[in-house]
Amino acid sequence: MTTLITGANRGIGRAMFEGYRARGEKVIGTHRDAPTTDWMRLDVTDPGSVAQMAQVFGDTPLDLLVCNAGVFLDRGQSVADLTADIWAQEFAVNVTGVFLTIQALLPNIKAAGGKIAIISSQMASDTHAPGGSYVYRASKAAVLNFGRNLAADLKDDGIAVGIYHPGWVQTDMGGSSAAITPVQAAGGLLDRFDDLSVATTGCFKTWDGEDHPY
């Protein structure tokens, strides 16, 4: 089995990468500054970088693509603080970058009859709306919607798409007071990816297996 994880240099992405390596499975991590031969250089906001990554990957069948790369640039910012540039940057990574990566590697996924996992957030849900974090919430809601519609379109091809809330995790994004560690989040997510099938395509699940309201 071959898995590719975007944004795998730290946090949940790195923990998932290490989890697959511990299983003895082939896993490739991507980062803008790929550190070793186990990694591929990828800037998900740059169409040229995405195209180059796909060219390097070649025609290798891909069993699982995990779209994990994400940013939270508007943390703690008020309406007055937000700029058009923040909206553009955050959507470029959290939404457009997910689309471009899937678009580029879809032939490889189809060749394997593989799966796509999109890391969103509970903050995408309209049932979790306490205010603030407008750009992040909007971007995660957009990628949830994209994943749900992509699942419908790829179902007849036998490609399953799942969308996931990774939990409140002790990372740079989640903060040190978060509820779970990256290793705990990754362990749960890997189990969720294993369970993903065409029968459950379009699901929005939490890291520990609960169905999350849309």
Side-chain angles (χ1 to χ4, degrees), residues 1-45 53 62-76 89-90 93-95 97-98 101-102 114-125 128 132-133 135-137 139-141 143-144 147 161-196 203-212:
M1 176 171 170
T2 301
T3 297
L4 187 145
I5 304 170
T6 66
N9 59 304
R10 60 183 181 178
I12 301 167
R14 186 56 181 258
M16 289 190 289
F17 177 85
E18 297 296 346
Y20 279 118
R21 283 217 305 195
R23 288 186 180 189
E25 298 180 12
K26 182 178 180 182
V27 57
I28 301 162
T30 78
H31 180 47
R32 285 171 296 180
D33 300 306
T36 70
T37 55
D38 292 331
W39 297 69
M40 297 186 74
R41 193 177 303 277
L42 174 63
D43 178 349
V44 298
T45 69
M53 176 274 299
L62 180 59
D63 298 284
L64 175 63
L65 171 62
V66 182
C67 295
N68 169 74
V71 294
F72 188 178
L73 303 178
D74 60 310
R75 178 196 301 279
Q89 288 183 53
E90 205 150 336
V93 177
N94 294 354
V95 186
V98 173
T101 303
I102 293 172
K115 309 176 189 182
I116 300 169
I118 298 172
I119 305 302
S120 180
S121 169
Q122 68 178 4
M123 294 169 74
S125 174
H128 187 87
S133 303
V135 186
Y136 186 76
R137 291 181 191 280
S139 69
K140 289 301 185 179
V143 83
L144 169 60
V161 181
I163 308 99
Y164 301 93
H165 165 54
W168 184 25
V169 188
Q170 296 163 12
T171 62
D172 290 346
M173 188 178 293
S176 59
S177 61
I180 59 174
T181 68
V183 171
Q184 287 173 305
L189 288 169
L190 266 56
D191 288 341
R192 305 289 77 74
F193 305 159
D194 289 344
D195 292 341
L196 177 63
C203 63
F204 183 29
K205 287 188 173 290
T206 65
W207 69 280
D208 53 354
E210 297 294 323
D211 291 323
H212 200 292

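Worth saying up front: this structure is predicted, and the values here are computed from it rather than measured.
Listed by chain and residue number, His31 satisfy the side-chain hydrogen bond (donor to acceptor under 3.5 Å, both in side chains) test with Asn9 (two or more places apart in sequence, or in another chain). Under the ring-ring contact (aromatic ring centres under 6.0 Å, His included) criterion, Tyr20 pairs with no residue at all, not counting sequence neighbours. Listed by chain and residue number, Asp195 satisfy the salt bridge (charged side-chain N to carboxylate O under 4.0 Å, His left out) test with Arg192 (two or more places apart in sequence, or in another chain). Partners of Asp63 by side-chain hydrogen bond (donor to acceptor under 3.5 Å, both in side chains), not counting sequence neighbours: none found. For Ala124, the side-chain contact (heavy atoms from CB on, under 4.5 Å) test picks out Ser120, Lys140, Ala141, Leu144, with sequence neighbours left out. Judged as a side-chain hydrogen bond (donor to acceptor under 3.5 Å, both in side chains), and not counting sequence neighbours, the contacts of Asn94 are Ser139.
Between the CD1 atom in Ile116 and the CD1 atom in Ile102 there is a gap of 4.5 Å [rounded to 0.5 Å]. One distance of note links CH2 of Trp39 with CD1 of Ile28; it measures 11.5 Å at 0.5 Å rounding. Between Leu190 atom CG and Trp207 atom CH2 the span is 12.5 Å, to the nearest 0.5 Å. We find the CD1-NZ distance between Ile163 and Lys205 to be 11.0 Å, quoted to the nearest 0.5 Å. In this structure, NE2 on His128 lies 4.0 Å from CD on Gln122, to the nearest 0.5 angstrom. Note that CE of Met53 and CZ of Arg41 are 13.5 Å apart. Values are rounded to the nearest 0.5 Å.
Under a 3.5 Å cut-off, the side chain of Asp74 and the backbone N or O of Tyr136 do form a donor-acceptor pair. Looking only at distances, no side-chain donor or acceptor of Arg14 sits under 3.5 Å from a matching main-chain atom of Gly29. Between the Lys115 side chain and the Phe193 main chain, a donor and an acceptor come within less than 3.5 Å of each other. Remark: the backbone N or O of Leu42 is not paired with any side-chain donor or acceptor of Arg32 at under 3.5 angstrom.
Proximity of Asp208 to Ile180: side-chain heavy atoms (C-beta onward) are nowhere separated by under 4.5 Å. Contact annotation: the side chain of Val135 never approaches that of Leu73 to less than 4.5 Å [non-hydrogen atoms, C-beta and beyond]. When side chains are defined from C-beta on, Leu64 counts as touching Met1, because their heavy atoms get closer than 4.5 Å. Side-chain contact between Val98 and Ile118 is present, with heavy atoms from C-beta onward closer than 4.5 Å.
Nearest heavy-atom pair across Gly97 and Thr101 is O-OG1, 2.8 Å. Counting all heavy atoms, side chain and backbone alike, Ile12 lies closest to Pro166 at CD1-CB, 3.7 Å. Shown here for Phe72 and Ser133, the closest heavy-atom pair between the two residues is CZ-OG, 3.4 Å. Contact record, Ala117 with Tyr164: CB-CE1, 3.8 Å, taken as the closest heavy-atom pair.
Crowding of Arg23 atom CZ: a count of heavy atoms from other residues, nucleotides or ligands under 6.0 Å exceeding 12.
The one candidate from Thr3, Asn68, Val27 that meets the side-chain contact (heavy atoms from CB on, under 4.5 Å) condition with Met16 is Asn68.
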